[in-house]
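Following: one structure in structure tokens, then a few remarks.
As a basis for the values below, the full set of heavy atoms in this structure was taken, side chains included, without hydrogen atoms, waters or symmetry mates.
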Amino acid sequence: MEEHPVEALVQAGFIFVLGILIILSNLLIIATYLNFRGPSEVMNCYLLSLASADLLCGLLVVPFSVYPALVRRWDYGDVICRLVGYLEVTLWAISVYTFMWISVDRYLAIRKPLRYETVQTKTRCQCWMAFTWISVAMMCCPPLLGFQKPIFDHEAFVCMLDWGNMAAYTVTLSILVLGPSVITIVYTYAYIFSMMRRLKSGEPIHDKEYATALSENLSNPSHIMSFVLVVAFWISWAPYAGLGIWTSINGPPQIDEDTLEFKLVKEVGHESYGGCTAKRKSLQLASDD
């Protein structure tokens with residue numbers, strides 16, 4: 001299908017504006033974190049990790065899609081294409097693991113309300129996040145060694161690694177990233193909401209000190225806000241993942257593929273910017289708490 005110059009200009013302009021919004025939003029979140037001092041510093045460590053991953057995406061990934069959206073080709077070379085693809089999957093995996101740590105943090109606040117501040121110290125959380133960034137960067141680096149050529153998606157204007165030709169590594173990485181993350185998130189939030197229902201039902205708790213601490217922790221809005229962040233993240237990626245699964249099983253859908261994939265990229269970008277807004281709101285709630 002012949003591309004119209006106006007359509008290419010609009011798509012490139014949208015990607016450019018989206019990148020600016022992602023950068024500004026996450027700079028605001030990081031600045032808020034660095035200037036905030038209070039009892040919610042532990043949660044802010046995780047929010048800083050999410051904001052840093054989004055900021056790097058806005059700085060190092062999104063800009064490389066603006067010019068290709070105009071000219072419909074990749075002019076930056078295979079090395080840059082490989083690095084951009086590596087950053088995409090690395091930053092995505094870091095976000096997934098960070099949401100897992102957030103769910104663990106909220107779980108400990110409910111499971112051990114009397115010992116939470118001694119178990120979840122700021123230094124310990126910073127060490128966990130540093131370990132997460134380093135380990136994910138190492139897990140995702142094998143495709144950079146050069147045994148597979150990167151691919152430029154001419155419909156979504158995104159340069160990515162050819163995961164389809166690395167089936168064993170792709171499956172292994174997916175299990176390592178999604179397996180513990182999804183299981184942990186489901187279990188921890190199921191426990192949190194079950195305790196909320198238990199407390200609302202008026203079920204007696206014999207330890208008065210524990211009951212008081214539990215009630216105070218459950219009243220913290222960060223539980224709901226963190227759950228909203230997790231749900232928004234998975235919803236934002238669901239259409240893209242669904243398209244990939246459908247295409248791998250049934251072949252390309254019989255619709256305008258250019259329009260479909262660009263709309264999916266827009267939706268993911270819109271949800272990412274929405275996630276920035278949610279993170280700012282969670283910081284505001286934490287500071288008000």
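- With sequence neighbours left out, the side-chain contact (heavy atoms from CB on, under 4.5 Å) criterion links F131 to W128, S135.
- Counting only heavy atoms from C-beta outward, the side chains of T184 and Y107 never approach each other to under 4.5 Å.
- Panel note: side chain T121, backbone T118; no donor-acceptor pair is recorded below 3.5 Å.
- At a threshold of 4.5 Å between non-hydrogen side-chain atoms, the residues L60 and V84 do not count as touching.
- Y86 has its side chain out of reach of R82: every pair of non-hydrogen atoms, C-beta onward, lies at least 4.5 Å apart.
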Notebook entry, point to check: Step by step, would you call C57 with L87 a side chain to side chain contact (heavy atoms under 4.5 Å, CB included)?
Noted result: CA-CA 8 Å; C57 182; L87 285 173; over 6 Å; no
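- The line from CG of L108 to CH2 of W101 is 10.0 Å long, rounded to the nearest 0.5 Å.
- V171 and L173 fall into different hydrophobic clusters, where Ile, Leu, Val, Met, Phe, Trp and Tyr side chains are chained together by heavy-atom contacts under 4.5 Å.
- Within the model, atoms CZ of R106 and OH of Y189 stand 8.0 Å from one another, a figure rounded to the nearest 0.5 Å.
- Two residues are said to be in side-chain contact when any heavy atoms from C-beta on lie closer than 4.5 Å; T32 and L47 fail this criterion.
- When atom types are taken as modelled, the side chain of W74 and the backbone of G77 share a donor-acceptor pair closer than 3.5 angstrom.
- The shortest non-hydrogen separation linking T90 to C140 is OG1-CB, 3.4 Å.
- A continuous path of Ile, Leu, Val, Met, Phe, Trp and Tyr side chains, each step under 4.5 Å between heavy atoms, connects V89 with L178, placing both in one hydrophobic cluster.
- Shown here for V62 and G19, the closest heavy-atom pair between the two residues is CG1-CA, 3.7 Å.
- Here the side chain of R124 pairs a donor or acceptor atom with the backbone of V119 at under 3.5 angstrom.
- Contact record, I110 with Y191: CG2-CE2, 3.9 Å, taken as the closest heavy-atom pair.
- Annotation: the span from L27 atom CG to D54 atom CG amounts to 11.5 Å, rounded to 0.5 Å.
- The side-chain heavy atoms of D105 and Y116, taken from C-beta on, include a pair separated by under 4.5 Å.
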Next item on the list: Go through the steps to decide whether M100 and V96 satisfy the test side chain to side chain contact (heavy atoms under 4.5 Å, CB included), and finish with yes or no.
Entry: CA-CA 6 Å; M100 180 189 72; V96 171; over 6 Å; no
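- For S25 (side chain) and I22 (main-chain N/O), no donor-acceptor pair under 3.5 Å exists by modelled atom type.
- I183 and V186 fall into different hydrophobic clusters, defined by Ile, Leu, Val, Met, Phe, Trp and Tyr side-chain heavy atoms under 4.5 Å apart, directly or through other members.
- Among all heavy-atom pairs drawn from A53 and L91, the shortest one is O-CD1, 3.6 Å.
- Distance CG/L55 to CG/L24: 10.0 Å, rounded to 0.5 Å.
- Of the possible polar contacts, none joining the S49 side chain to the C45 backbone as a donor-acceptor pair under 3.5 Å is found.
- The CG atom of L21 sits 10.5 Å away from atom CG of N26, with the distance rounded to the nearest 0.5 Å.
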Next item on the list: Evaluate side chain to side chain contact (heavy atoms under 4.5 Å, CB included) for C125 paired with Y46, printing each intermediate quantity in order.
Entry: CA-CA 8 Å; C125 294; Y46 302 120; 3.2 Å; yes
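- Between I15 and S65, the closest heavy-atom pair is CD1-O, 3.8 Å.
- In the hydrophobic clustering of this structure, L9 groups with F64; members are Ile, Leu, Val, Met, Phe, Trp, Tyr whose side-chain heavy atoms approach within less than 4.5 Å, directly or through other members.
- The distance from the OH atom of Y97 to the CD1 atom of I102 is 15.5 Å, given to the nearest 0.5 Å.
- Scanning both residues, I175 and P180, for their nearest heavy atoms gives O-CD, 3.3 Å.
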